[in-house]
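Please read the structure below before turning to the comments.
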Amino acid sequence: RGFISITTWFAIIGITLGVATLILVTSLMNGIREEMTSQFIGLDGHITIYSQARAFGDYQPAVDAIKQMPGITSVTPKISGQVMVTNQGTAIGAQAVAQPWESLATRTLITQHVTAGTLDGIRDETGIVLGESLARNLRVEVGDTVTLISPQGRATIAGFIPRMKAYPVVATVKLGMHAIDSGLVIMPFAEAQQYFLLANPEGGDGAVSNLEVMVKDVHAASSIARSLRERLGDTARVYDWQQSNASIFAALTVQRNVMVIILALIILVAAFNIISSLVMLVKEK
C-alpha cells in the first residue's frame with residue numbers, strides 16, 4: 001500500500017507539471033503571436049489595397065468611400081518604394097515609406113521607439129528617418145546627410161540616369177525587428193510623392209502606392225477584406241494582414257500545434273500512471 005501511495009503521488013505530481021507546462025507554453029506561443037501581430041500591424045495596416053495600375057491616382061474619393069464601410073476606423077494613403085541609401089562609399093538597399101503626418105503621429109510603434117533625434121523633421125519636411133541598424137551600418141548619426149538613389153530615373157542621350165537626392169537624417173528608430181531596422185527609410189509624404197514621381201504637376205492630391213485600412217476588430221480583417229474585394233472588383237488588389245505575412249504566421253501556428261501535442265502526451269503518460277495506481281489499489285483491496 002505504501003508503494004501504491006508513492007506511485008500515486010508521483011502520478012499526481014507528473015500530471016500537475018504536465019498541465020502547468022501546457023498552460024505556460026501555450027500562453028508563451030500566444031504571446032509571441034500577439035507581439036508579432038502588433039509589430040507587423042504597427043508598421044502596416046490591417047488591410048492593404050493596391051491598384052492594378054502602377055499607383056493610385058485621384059485616391060481621395062476611394063478613401064472617402066471606404067471610410068463609410070462598417071468596421072473601418074481609418075484609411076491612410078501610403079507611398080513605398082525601393083531605394084539605395086549611400087554615404088561615403090557605403091551603399092545599402094532599403095524600403096522607403098511615407099504617409100501623411102496626421103497618420104504617422106498615431107503610429108505608436110514608430111513614435112515611441114525613436115532612439116535619436118525627433119520626428120519633427122518629417123512633420124516639417126526637412127529630413128528623413130532611418131532604422132537604427134541601417135544608420136549604424138552606414139555610419140551616420142542625426143544631422144548627417146545621406147543620398148537616396150531610386151531606380152526610377154530618366155533617359156538621356158548619355159544613357160539612363162537614376163534619380164539621386166541628398167537628405168539630412170533627423171532621427172533614428174528601433175522597431176525591434178532587425179529585417180526592418182536594417183532597411184527602413186521614412187520620408188515626408190509630399191517629398192516622397194515628388195521623389196517617386198507621383199506628384200500631380202497640375203496640383204491636387206497626386207498619387208500614392210497603396211491604401212492602408214485600419215479596422216476596429218483585428219480578427220475581422222479577413223471578412224472586411226472580402227467585402228472590399230467585392231466592392232472594388234478588378235480595379236484593385238486587397239490583402240489583409242494575415243495574407244501579407246502568411247508564411248510567418250503559418251510557421252507559428254504549426255509550432256504551437258506541435259507543442260500542444262507534445263505536452264498533451266506528457267499529460268497522457270501521467271494519466272496512465274494514475275490509472276495504473278488506481279487499478280493496483282483496487283486489486284490490493
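Since this is a predicted model, take the numbers as computed values, not measurements.
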Going by heavy atoms in the side chains, are [X] and [Y] under 4.5 Å from each other?
{"X": "Thr147", "Y": "Val85", "value": "no"}
{"X": "Val208", "Y": "Lys78", "value": "no"}
{"X": "His113", "Y": "Glu132", "value": "no"}
{"X": "Thr172", "Y": "Val114", "value": "no"}
{"X": "Met69", "Y": "Val213", "value": "no"}
{"X": "Leu138", "Y": "Arg136", "value": "no"}

- prompt: Is there a side chain to side chain contact (heavy atoms under 4.5 Å, CB included) between Val129 and Ile122 once you walk through the steps?
  reply: CA-CA 8 Å; Val129 177; Ile122 299 293; 3.6 Å; yes
Does [X] use its side chain to pair, donor to acceptor, with the backbone of [Y] at less than 3.5 Å?
{"X": "Asp181", "Y": "Leu175", "answer": "yes"}
{"X": "Ser227", "Y": "Ser223", "answer": "yes"}
{"X": "Thr73", "Y": "Met214", "answer": "yes"}
{"X": "Tyr50", "Y": "Leu211", "answer": "no"}
{"X": "Asn210", "Y": "Thr48", "answer": "no"}
{"X": "Gln193", "Y": "Ala207", "answer": "yes"}
{"X": "Ser103", "Y": "Gln99", "answer": "no"}
{"X": "His46", "Y": "Val215", "answer": "yes"}
{"X": "Arg163", "Y": "Tyr195", "answer": "yes"}
{"X": "Ser182", "Y": "Leu134", "answer": "no"}

Taking all heavy atoms of [X] and all of [Y], pick out the closest pair and write down the distance.
{"X": "Ala171", "Y": "Gly117", "value": "CB-C, 4.0 Å"}
{"X": "Thr86", "Y": "Ala91", "value": "CG2-CB, 3.6 Å"}
{"X": "Thr145", "Y": "Ala166", "value": "CG2-CB, 3.7 Å"}
{"X": "Ala98", "Y": "Pro188", "value": "CB-O, 3.9 Å"}
{"X": "Ser51", "Y": "Arg237", "value": "O-NH2, 3.5 Å"}
{"X": "Pro70", "Y": "Ile224", "value": "O-CD1, 4.3 Å"}

In Å, rounded to the nearest 0.5 Å, how long is the span from [atom1] of [X] to [atom2] of [Y]?
{"X": "Phe189", "Y": "Ile79", "atom1": "CZ", "atom2": "CD1", "value": "4.0 Å"}
{"X": "Leu104", "Y": "Thr111", "atom1": "CG", "atom2": "OG1", "value": "8.0 Å"}
{"X": "Ser74", "Y": "Glu102", "atom1": "OG", "atom2": "CD", "value": "12.5 Å"}
{"X": "Asp240", "Y": "Ile49", "atom1": "CG", "atom2": "CD1", "value": "11.5 Å"}
{"X": "Arg231", "Y": "Ile66", "atom1": "CZ", "atom2": "CD1", "value": "8.0 Å"}
{"X": "Ile186", "Y": "Leu119", "atom1": "CD1", "atom2": "CG", "value": "7.0 Å"}

Is it possible for you to say whether [X] and [Y] belong to one hydrophobic cluster, with membership spreading through side-chain heavy-atom contacts below 4.5 Å?
{"X": "Leu17", "Y": "Ile23", "result": "no"}
{"X": "Met164", "Y": "Leu148", "result": "no"}
{"X": "Ile149", "Y": "Phe196", "result": "no"}
{"X": "Val238", "Y": "Ile72", "result": "yes"}

message: Going by side chain to side chain contact (heavy atoms under 4.5 Å, CB included), Asp144 matches just one of Val146, Val140, Val142. Which one?
response: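 With Asp144 as partner, Val146, Val140, Val142 yield a single side chain to side chain contact (heavy atoms under 4.5 Å, CB included), made by Val140.
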- prompt: Hey, which of Leu184, Ile180, Thr115 is the one that makes side chain to side chain contact (heavy atoms under 4.5 Å, CB included) with Val173?
  reply: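 For Val173, the side chain to side chain contact (heavy atoms under 4.5 Å, CB included) test succeeds with only one of Leu184, Ile180, Thr115, which is Leu184.
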field: Those residues that, when tested against Lys174, pass side chain to side chain donor-acceptor pair (under 3.5 Å) (two or more places apart)
entry: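 If we apply the side chain to side chain donor-acceptor pair (under 3.5 Å) test to Lys174, skipping adjacent residues, there are no hits.
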- request: Any chance you could lay out the salt bridge (Lys or Arg N to Asp or Glu O under 4.0 Å) test for Glu212 and Arg107, step after step, and finish with the verdict?
  value: CA-CA 13 Å; Glu212 287 190 348; Arg107 298 294 177 94; 3.1 Å; yes
- request: Go through Ile262 and Val258 one step at a time and tell me if the side chain to side chain contact (heavy atoms under 4.5 Å, CB included) criterion holds.
  value: CA-CA 6 Å; Ile262 294 174; Val258 171; 3.9 Å; yes
- request: Report the C-alpha separation of Met187 and Tyr167 in whole Å, then their side-chain angles, then the decisive distance to 0.1 Å, and conclude whether the side chain to side chain contact (heavy atoms under 4.5 Å, CB included) test is met.
  value: CA-CA 9 Å; Met187 301 178 65; Tyr167 294 95; 3.8 Å; yes
- request: Go through the steps to decide whether Gln88 and Arg139 satisfy the test side chain to side chain contact (heavy atoms under 4.5 Å, CB included), and finish with yes or no.
  value: CA-CA 9 Å; Gln88 297 180 355; Arg139 299 180 181 86; 5.9 Å; no
message: Closer than 4.0 angstrom, basic N to acidic O: yes or no for Lys67 and Asp64?
response: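 Salt bridge: no.
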task: Tell me, yes or no, whether the heavy-atom count around Gln60 atom CD, taken from other residues, nucleotides or ligands under 6.0 Å, exceeds 12.
output: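 Above 12, so yes.
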